[in-house]
Amino acid sequence: MIDIKTIRDDPQRIKDAARLKNVACDVDHLVEVDARRRAIQQELDALRTKSREGGQQIALCRNPKSDWHKRAVENGRSAEDIKTESDRIQQELNEVKVRIKPLEEEDRTVNEEFDGLMLTVPQPAAAEVPEGKDDTENIELRTVGDIPDFDFELKDHVTLGADLDIIDIERGVKLAGSRNYILKGDGALLHQAVLRLAQDMMIARGFVPMSVPVLVREEVMTGTGYFPTGRDQAYLCERDEKALVGTAEVPLTAYHSDEILNENQLPLKYCAMSTCFRREAGAAGKDTTGLYRIHLFDKVEQVIVCRNDEELSKKFHAEILQNAEDVLRALELPYRVVNVCTGDLGQGQVQKFDIETWMPSRDSYGETHSASRFYEFQARRLMLRYRDAGKKVRYCHTLNNTVIASPRILIPLLELHQNADGTVTIPESLRKYMNKDRIQPPAA
RNA sequence: GGAGAGGUGGCUGAGCGGCUGAAAGCAACGGUUUGCUAAACCGUCGUACUGGGUCACACCGGUACCGGGGGUUCGAAUCCCCCCCUCUCCGCCA
C-alpha cells in the first residue's frame with residue numbers, strides 16, 4: 001500500500017507506475033473517492049462534536065451535584081427551567097442523530113470503496129529498474145558457473161527419476177491430479193537434503209529458523225500483497241475463511257503485523273521451511289512436463305524486516321541475493337542473475353532479481369529464486385511498524401528471497417550431476433544429509 | 001465436539017451508562033541528584049484518520065478506536081444480540 005497523501009500530491013506518478021507494471025488501477029477514481037471520503041468525515045466529525053457537547057450538557061442539567069447545576073441554581077434558575085433546557089437539547093440532538101445515521105452509512109460505503117481501491121495501487125518501481133513489458137525483457141546481469149559439456153546423451157529428470165525409481169509422477173497424478181508427483185527413496189531424501197542444507201546455511205548467517213502456519217487468514221494474504229489481486233492463485237478453505245500460502249514469505253512477513261517494534265530490534269532476519277501451495281490458474285498447458293510447475297512443493301524462504309531506509313533496503317537486497325547464490329554454489333549448479341523489468345514486477349515490488357538455474361531438459365535457464373524488496377508496501381498493509389530514535393512511528397521495510405525450492409531444484413541437480421552409467425553424483429555439500437555420494441539405479 | 005471462565009493502552013490491572021482515551025503499578029523516554037552503577041524525585045509517555053500550521057519539523061484542534069460487527073440511548077469500555085479469539089476441565093486424536 002502507498003500513502004494516500006503521496007497519491008494526492010502526485011497522482012501521475014502512480015499512473016505511470018501502473019502503466020509500467022501493467023497493473024490496473026483507476027487513480028483518478030481513487031482521488032475522487034478520497035475527496036468524498038474526507039468531506040464526509042469532516043461533516044460527520046462536526047455533527048458528532050455537537051452531539052457529544054450536547055450530551056455532556058444534558059448530563060450537567062440532570063446532575064444536581066454538578067458545579068454547573070449549582071451555579072445555575074445560584075443564578076436564580078428554577079429546576080423546572082433547567083429541565084426544560086435539558087429537554088430542548090435532547091430534542092435538538094434527536095435531530096442531529098437523524099442526520100448522522102445516513103451519513104455514517106455513506107461513510108462506511110465510501111470507505112469500503114476507498115480501501116478496495118487502495119489495495120489496487122501499485123508500488124512504483126525503483127528508478128533503476130529496466131522498462132519492459134514482460135519477462136522477455138528482463139536483463140541478464142551475470143552468469144555464474146559453466147554449463148558443462150557431456151560426452152553422452154543426457155536424460156531429463158523425468159527419465160532419470162523413473163530409471164532410478166526416485167520420482168513417480170504417474171502415481172502422484174493418480175492420487176492428486178495433474179501437476180502432482182511423488183518422491184521416493186533417494187528422491188525423497190535428496191529433496192530433504194537440499195532443504196536441510198539451505199536451512200543450515202541460513203542459520204549460520206544469523207537467520208532465525210521458524211516453523212509457520214501455511215493455512216492463514218485472508219487478512220494475512222492481503223497484508224502481504226497476494227490478495228485481492230492474486231486470489232485465484234491460492235487454494236481457499238472457504239468454510240474456515242482461510243487460504244493455503246504459496247510461500248512462507250506470507251507468515252514470516254506478517255509475523256509482526258499490527259505491532260510497533262523498537263528500532264533496536266531491527267533488522268529482523270527470519271527463515272522458514274514450509275510447504276507451498278499454488279493453483280497455477282491460467283497456466284494450463286504451460287510447463288506440463290516433470291517437476292517444473294507443480295501445485296505443491298517445499299521451500300526455505302528468507303525474510304528481512306528493516307528500518308525505513310532505501311539504502312538499507314538495497315543493502316539487504318544484495319545480501320539475500322548473495323545467500324541464495326551461495327546455496328547454488330554449494331550445490332555446484334550454474335545459474336544466472338536476472339534484473340526483472342517493470343512489466344514483470346509484482347504490484348508491491350520495488351525491484352526484483354531472479355536467479356535462474358541451468359536446466360538441460362529445458363535447454364535454458366529456469367527460474368529457481370526470486371529476490372524482492374518492497375519498501376513499506378507490505379508493512380503498510382500489515383501495520384508493521386517501529387518507533388525510530390525520534391519516537392516517531394514509521395513503517396518497516398520488508399524483503400524476501402527464496403533460499404531453495406524443491407523439487408524444482410532437483411531438475412538441474414539430477415540432470416547436471418548425472419553420469420554416463422545412469423547414476424547421479426551427490427554434491428559434496430549434500431552427502432552428510434544423505435549418507436551416500438551417489439544415487440544408484442535399483443538392483444535389477 | 002461438550003461444560004465453564006475471560007478478552008481494556010508495551011505489560012499487569014481498575015472501571016461496569018455521562019468531566020474516562022480510560023485510575024494505579026511496571027516498563028520505556030527526558031531531566032534533577034550521584035565519583036560510576038543503582039536508588040530516589042520531577043516530567044513525558046496509545047494508534048489511525050482528519051482540519052489548521054510549517055519549506056519541512058514542532059505545534060494546536062476534531063473524530064474514531066477498550067477482541068470484531070450490529071443494536072438500545074441525547075450519551076456505551078460499561079446494557080442487549082451475533083461472530084472471533086484465549087484459558088481451564090472432559091472427550092477424540094498426529
Side-chain angles (χ1 to χ4, degrees), chain A residues 1-10 30-31 33-72 82-118 211 213-220 222-223 237-242 254-266 275 308 376 379-396:
Chain A
M1 200 142 62
I2 302 299
D3 190 347
I4 182 61
K5 293 188 195 89
T6 69
I7 302 174
R8 264 179 229 151
D9 290 349
D10 189 1
L30 172 63
V31 170
V33 171
D34 174 51
R36 204 141 53 84
R37 156 184 158 267
R38 284 190 290 161
I40 291 168
Q41 185 183 331
Q42 280 174 48
E43 197 178 343
L44 205 47
D45 283 357
L47 288 174
R48 281 171 172 158
T49 304
K50 198 169 172 186
S51 164
R52 204 203 68 226
E53 286 171 353
Q56 280 168 353
Q57 187 55 44
I58 290 172
L60 294 175
C61 291
R62 299 213 177 144
N63 180 2
K65 288 187 199 127
S66 74
D67 290 345
W68 181 89
H69 196 282
K70 285 180 192 155
R71 232 177 306 120
I82 291 172
K83 165 127 192 359
T84 309
E85 174 165 353
S86 158
D87 289 348
R88 200 205 78 234
I89 295 170
Q90 187 167 328
Q91 192 50 46
E92 215 175 284
L93 291 185
N94 268 324
E95 281 156 31
V96 171
K97 194 179 172 182
V98 168
R99 287 168 63 200
I100 286 179
K101 260 272 154 53
L103 256 187
E104 277 181 338
E105 190 55 47
E106 198 181 346
D107 184 57
R108 193 169 17 234
T109 51
V110 167
N111 270 301
E112 263 166 34
E113 187 177 11
F114 175 74
D115 293 342
L117 286 167
M118 282 298 276
S211 173
V214 292
L215 182 59
V216 301
R217 297 174 191 286
E218 294 213 4
E219 301 94 90
V220 174
T222 304
C237 298
E238 279 151 314
R239 253 199 319 196
D240 300 297
E241 294 179 313
K242 284 174 189 173
Y255 183 58
H256 290 291
S257 58
D258 286 317
E259 293 183 25
I260 300 177
L261 303 163
N262 287 321
E263 184 169 351
N264 60 20
Q265 290 175 264
L266 303 175
T275 302
N308 192 309
E376 45 178 66
R380 269 186 184 275
R381 291 175 166 231
L382 288 166
M383 293 299 272
L384 167 54
R385 297 154 298 170
Y386 69 99
R387 215 176 290 277
D388 72 9
K391 288 191 173 185
K392 217 179 138 195
V393 175
R394 311 196 64 189
Y395 291 101
C396 299

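Protein chains get the first letters and strands the later ones, always in sequence-line order, with residue 1 at the start of each.
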ring-ring contact (aromatic ring centres under 6.0 Å, His included) involving A:Tyr255 - partner list, sequence neighbours excluded: A:Tyr270
Has the side chain of A:Asn111 got a donor or acceptor atom that lies under 3.5 Å from a matching backbone atom of A:Asp107? yes
Between the main-chain N or O of A:Lys5 and the side-chain N or O of A:Asp3, is there a donor-acceptor pair closer than 3.5 Å? yes
Using the P atom on both, measure B:rC83 against B:rU88 and round to a whole Å. 23 Å
I'd like to know if the side chain of A:Ser86 reaches the main chain of A:Ile82, judged simply by a donor and an acceptor atom lying under 3.5 Å from each other, with no hydrogens or angles considered. no
Any sub-3.5 Å donor-acceptor pair from A:Tyr386's side-chain atoms to A:Asn308's backbone N or O? yes
Can any side-chain N or O of A:Arg387 pair as donor or acceptor with the backbone N or O of A:Ile260 at less than 3.5 Å? no
Expressed in whole Å, how much space separates the P atoms belonging to B:rC65 and B:rG71? 13 Å
Describe the nucleic acid contact of A:Val393 in one word from base, sugar-phosphate, nothing, applying a heavy-atom distance below 4.0 Å. sugar-phosphate
Heavy-atom nearest nucleotide on RNA chain B for A:Asn63 versus A:Gln91: which residue maps closer to 5'? A:Asn63
When all nucleic acid strands are considered with a 4.0 Å heavy-atom cut-off, which category describes A:Gln41: base, sugar-phosphate, or nothing? base
Classify A:Arg62 by what it touches in the nucleic acid, base, sugar-phosphate, or nothing, heavy-atom distance under 4.0 Å. base
Does A:Ser51 use its side chain to pair, donor to acceptor, with the backbone of A:Leu47 at less than 3.5 Å? no
I'd like the 5' and 3' limits of the part of RNA chain B contacted by chain A, with heavy-atom contacts below 4.0 Å. B:rG18 to B:rC85
When rounded to the nearest Å, what value does the distance between C1' atoms of B:rC79 and B:rG62 take? 28 Å
For a 4.5 angstrom cut-off between non-hydrogen side-chain atoms, does A:Arg38 reach A:Asp34? yes
Distance between C1' atoms of B:rG61 and B:rC55 (Å, rounded): 23 Å
Say we look at B:rA24 and B:rG9: how far apart would their C1' atoms be, to the nearest angstrom? 13 Å
Out of curiosity, A:Leu93 CG to A:Arg52 CZ, how far, rounded to the nearest 0.5 Å? 12.0 Å
Under 4.0 Å, counting only non-hydrogen atoms across every strand here, what does A:Ile260 touch: a base, just sugar-phosphate, or nothing? sugar-phosphate
Base, sugar-phosphate alone, or nothing: which one does A:Arg394 contact when heavy atoms must sit under 4.0 Å apart? nothing
If you look at every strand shown and take non-hydrogen atoms under 4.0 Å, does A:Arg217 touch a base, only sugar-phosphate, or nothing? sugar-phosphate
Looking across every strand, which nucleic acid part, if any, lies under 4.0 Å from A:Arg387 by heavy atom: base, sugar-phosphate, or nothing? sugar-phosphate
Roughly how many Å apart are B:rU72 and B:rC87, using the C1' atom of each and rounding to a whole number? 31 Å
Considering only the C1' atoms, how many Å lie between B:rC45 and B:rG52, rounded to the nearest integer? 25 Å
In this structure, which stretches of RNA chain B are paired as stems of three or more consecutive Watson-Crick or G-U pairs, both distances less than 3.5 Å? B:1-7 with B:84-90, B:10-12 with B:24-26, B:28-32 with B:40-44, B:46-52 with B:59-65, B:67-71 with B:79-83
More than 12 heavy atoms from other groups under 6.0 Å of CZ on A:Arg99: no
Assign each of A:Lys391 and A:Lys242 the nucleotide of RNA chain B bearing its closest heavy atom; nearer the 5' end lies the nucleotide of A:Lys391
Distance check, P atoms only: B:rA22 and B:rC82, in whole angstrom units. 32 Å
